[in-house]
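Structure first, then comments.
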2 protein chains.
Amino acid sequence: MVTLKDVAKLVGVHPSVVSRVINNDGNLKIKEETRKRIQQAIEELNYRPNLSARNLKNSETKMLGMVIPDFSNPVYASIIHGAEDQAALEGYNLLLYSMKQKGLEKNYFSHLMENRIDGLLIANSESDDKEILNLKKEKKPFVLVNRFITGISNHVILDDELGGKLATKHLAQLGHKRIAHITGPLFTGTGIKRFQGYREGLKEEEINFISSYVQESEYTIEGGYRSMQALLDLSTPPTAVFASNIMVSLGAMKAIQDRGLSIPRDISIIGFHEVDFASSLSPSLTTIKMPLYEMGSESVKKLITIIQGREEENELGLIISGASLVVRDSTSPFLS
Amino acid sequence: MVTLKDVAKLVGVHPSVVSRVINNDGNLKIKEETRKRIQQAIEELNYRPNLSARNLKNSETKMLGMVIPDFSNPVYASIIHGAEDQAALEGYNLLLYSMKQKGLEKNYFSHLMENRIDGLLIANSESDDKEILNLKKEKKPFVLVNRFITGISNHVILDDELGGKLATKHLAQLGHKRIAHITGPLFTGTGIKRFQGYREGLKEEEINFISSYVQESEYTIEGGYRSMQALLDLSTPPTAVFASNIMVSLGAMKAIQDRGLSIPRDISIIGFHEVDFASSLSPSLTTIKMPLYEMGSESVKKLITIIQGREEENELGLIISGASLVVRDSTSPFLS
DNA sequence: TTGTAGGCGTTATCAG
DNA sequence: CTGATAACGCCTACAA
């Protein structure tokens, strides 16, 4: 392996000079000629700085950890994409940890303590509250992404309430009165807030809240399927459904169609979060599009400011505002 | 930050003793009592070894890079999952690079040269052949995943040909004679081999190959949509279609349904690669399930043997055998 | 069984 | 403008 020394020897100069040329601060003075010779030698030997050594010296790694529930969830693909771009922009790399990983003993926390990563983005919903509070105690840089824990303010979240409201009002404005909601787990911040949005939407449209039209579910295809079945079993089934998540939407659509009912003729359905394949479903799915990419990139921005000590510890959490309706074929006016 | 020294000082012992306790080889002799005291001190101070220092000393990082085209492709989710599990099992971590990343200047190659990662899994299909050959010249550990380059033998691939054959024969055995194939790009190994499988399948079932039933496409929803439209525009359209990829399947299904045709009554369709939501499409999609998870984990195994120098440079590539049919509602017998 | 010394490759500080 | 030196935190011969 080629080191600074080798380059220095070839040029006939001290290693520290080579170091300075590489970390080109601009304002340190080096004779133009030696700089040239050094750069030539670097090319010639194909020298590459050893990052482990640099990391040790600078006590930073320019790597950020990010915990996600699962790579196969398309919603996280967008968040990751935003995070990755922003990280690259600021010279950082992303080390991803999925919760599905076998034998993962929360080594993202270890890595933070062991300085493998400079900071951590926590985007999984499983409850690790104790360890997260510990990070806070240890003053390790981290940011909660799309997640909220009481007592911790450094989070970046979406306006899920607005999204839920938009979805519900869209259905109401199509003339539907019997609007159901398949919620996410009601111990998650997102589940609760989308549900609140649903209630607000009903209120603003002067529709009575009927508790049997609310089914608590998991964020899974199977959950959506079962919950939709329950709704269809009601003596007066809903004519429109707001599904709290894309997986839930898939399950619900399947349940409706398996009963021989047609979307949207018999039942309209709207999903939460926009994904690539929404337009290629049959029928194509009306969705609420949330700024997922932005949430990813803003999370990284926030984490880096914390790492670089440019932020007060107790700044308020960031809400990425915005939510928009993408109308497709799965929702249509209520036909009495 | 707490270091070895701090622990040693607290116990009243030399740092090297502490180091030995941590790297518990088992066969080095340390008085049981001092070991205990050291371990207590470690707990007490909450000491964590600094990985940058360790990496520098050992000239390894226990991190593997992996280049993928895009996080939002569900097929890669399975591969990543397999890779991640195997890596964790062997004490490694995965650093993922998506090709979609902005301002990514192939820094996965740099990272390999700069010893940020110990080896690289190359699973993207974009052509970087020159740089890959360079890696070989530099004797840097890498493995090609689901990809083939002439002159390079360390790859791990699937039996795409078998998969293509299975798909085609399934359709033939349902009585279809007019079987179309929407291929992937025919400059990719996977595209070519699935196409070959298609031809073999036809041959074995004694069905004539008709070139107008072959549409070359990209691995995208749009590509599948356009190619399917072209097939439907034929004077004698096919009654069954083998789509080379899951995205292509989505596009093709949409195209069929947009024409008011029914799947599978008018046209049967089979997709390549099994994904979570295949069963929740409408109709649910018959697919060829390939051992993606295994490909991921085997790739990591192979890479680690190369890193550890346990493998001859020119060993043959590995083919993960196996392909199976998952029959669902999108394929049905041909009705004359 | 434990201590000593040297070095992994880089960079910061100071002196020349 | 360039050189020397020390240090980042850890590990490993070798010596005691």
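Keep in mind that this is a model prediction, so the values were computed, not measured. The sequence lines fix the lettering, A, B, ..., with proteins before strands; numbering per chain opens at 1. Values reported hereafter were calculated over all heavy atoms of this structure, with side chains retained and with hydrogens, waters and symmetry mates removed.
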[X] has an atom [atom1]; how far is it from atom [atom2] of [N], in whole Å?
{"X": "B/K5", "N": "D/dC8", "atom1": "NZ", "atom2": "P", "answer": "6 Å"}
{"X": "A/N58", "N": "D/dG9", "atom1": "CG", "atom2": "C1'", "answer": "14 Å"}
{"X": "A/L51", "N": "C/dC8", "atom1": "CG", "atom2": "C1'", "answer": "15 Å"}
{"X": "B/E60", "N": "D/dC11", "atom1": "CD", "atom2": "P", "answer": "11 Å"}
{"X": "B/E32", "N": "C/dT2", "atom1": "CD", "atom2": "P", "answer": "10 Å"}
{"X": "A/R54", "N": "C/dG9", "atom1": "CZ", "atom2": "C1'", "answer": "10 Å"}
{"X": "B/I38", "N": "C/dG3", "atom1": "CD1", "atom2": "C1'", "answer": "13 Å"}
{"X": "A/E114", "N": "D/dG9", "atom1": "CD", "atom2": "C1'", "answer": "13 Å"}

Can you list every salt bridge (Lys or Arg N to Asp or Glu O under 4.0 Å) pair that touches residues 292-302 of chain A, not counting sequence neighbours? A/E298-A/K301, A/K302-A/E311
Taking salt bridge (Lys or Arg N to Asp or Glu O under 4.0 Å) as the cut-off, I'd like each qualifying pair that reaches into residues 7-19 of chain B, sequence neighbours left out, listed once.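 As it turns out, there is no salt bridge (Lys or Arg N to Asp or Glu O under 4.0 Å) pair with a partner in residues 7-19 of chain B once direct neighbours are skipped.
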ring-ring contact (aromatic ring centres under 6.0 Å, His included) against B/Y293, all qualifying residues, sequence neighbours excluded: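 By the ring-ring contact (aromatic ring centres under 6.0 Å, His included) rule, B/Y293 matches B/H81.
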Sequence-distant partners of B/Y219, ring-ring contact (aromatic ring centres under 6.0 Å, His included), two or more places apart: none
For [range], which residue pairs qualify under ring-ring contact (aromatic ring centres under 6.0 Å, His included), counting only residues two or more places apart or in two chains?
{"range": "residues 110-136 of chain A", "value": "A/Y97-A/H111"}
{"range": "residues 44-80 of chain B", "value": "none"}
{"range": "residues 116-158 of chain A", "value": "A/F148-A/H155"}

Select from A/R48 and B/T34 the residue whose nearest nucleotide in DNA chain C is closer to the 5' end of that strand. B/T34
B/K31, nearest nucleotide to its side chain (from C/dT1, D/dC1, D/dG9): C/dT1
Given D/dC10, C/dC8, C/dT11, which nucleotide is nearest the side-chain atoms of B/L56? C/dC8
Donor-acceptor pair under 3.5 Å: do we get one between A/K57's side chain and the base of D/dA7? yes
Presence of B/N23 side-chain N/O under 4.0 Å of D/dC11 phosphate oxygens OP1/OP2: yes
Partners meeting side chain to side chain donor-acceptor pair (under 3.5 Å) with A/N146 (sequence neighbours left out):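 So A/N146 forms no side chain to side chain donor-acceptor pair (under 3.5 Å) with any residue.
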With sequence neighbours excluded, give me every side-chain hydrogen bond (donor to acceptor under 3.5 Å, both in side chains) pair touching residues 53-64 of chain B. B/T61-B/D118
Both distances under 3.5 Å, Watson-Crick or G-U wobble: on that basis, could you give the dot-bracket string for DNA chain C, with [ ] for crossing pairs and | for other-strand partners? ||||||||||||||||
Atom pairs, protein N/O to nucleotides 14-16 of chain C N/O, distance under 3.5 Å:
none

Among residues 12-19 of chain A, which contact DNA chain C at a heavy-atom distance under 4.0 Å?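 The answer is A/S16, A/S19.
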Report yes or no: do A/Y108 and B/N93 form a side-chain donor-acceptor pair below 3.5 Å? no
Classify the side-chain pair B/Q86/B/E90 by whether it contains a donor and acceptor separated by less than 3.5 Å.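 Yes, B/E90 and B/Q86 have a side-chain donor paired with an acceptor closer than 3.5 Å.
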Please confirm whether the backbone N or O of A/I132 pairs with a side-chain atom of A/K137, one donor and one acceptor, at under 3.5 Å?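 Not a single qualifying donor-acceptor pair exists.
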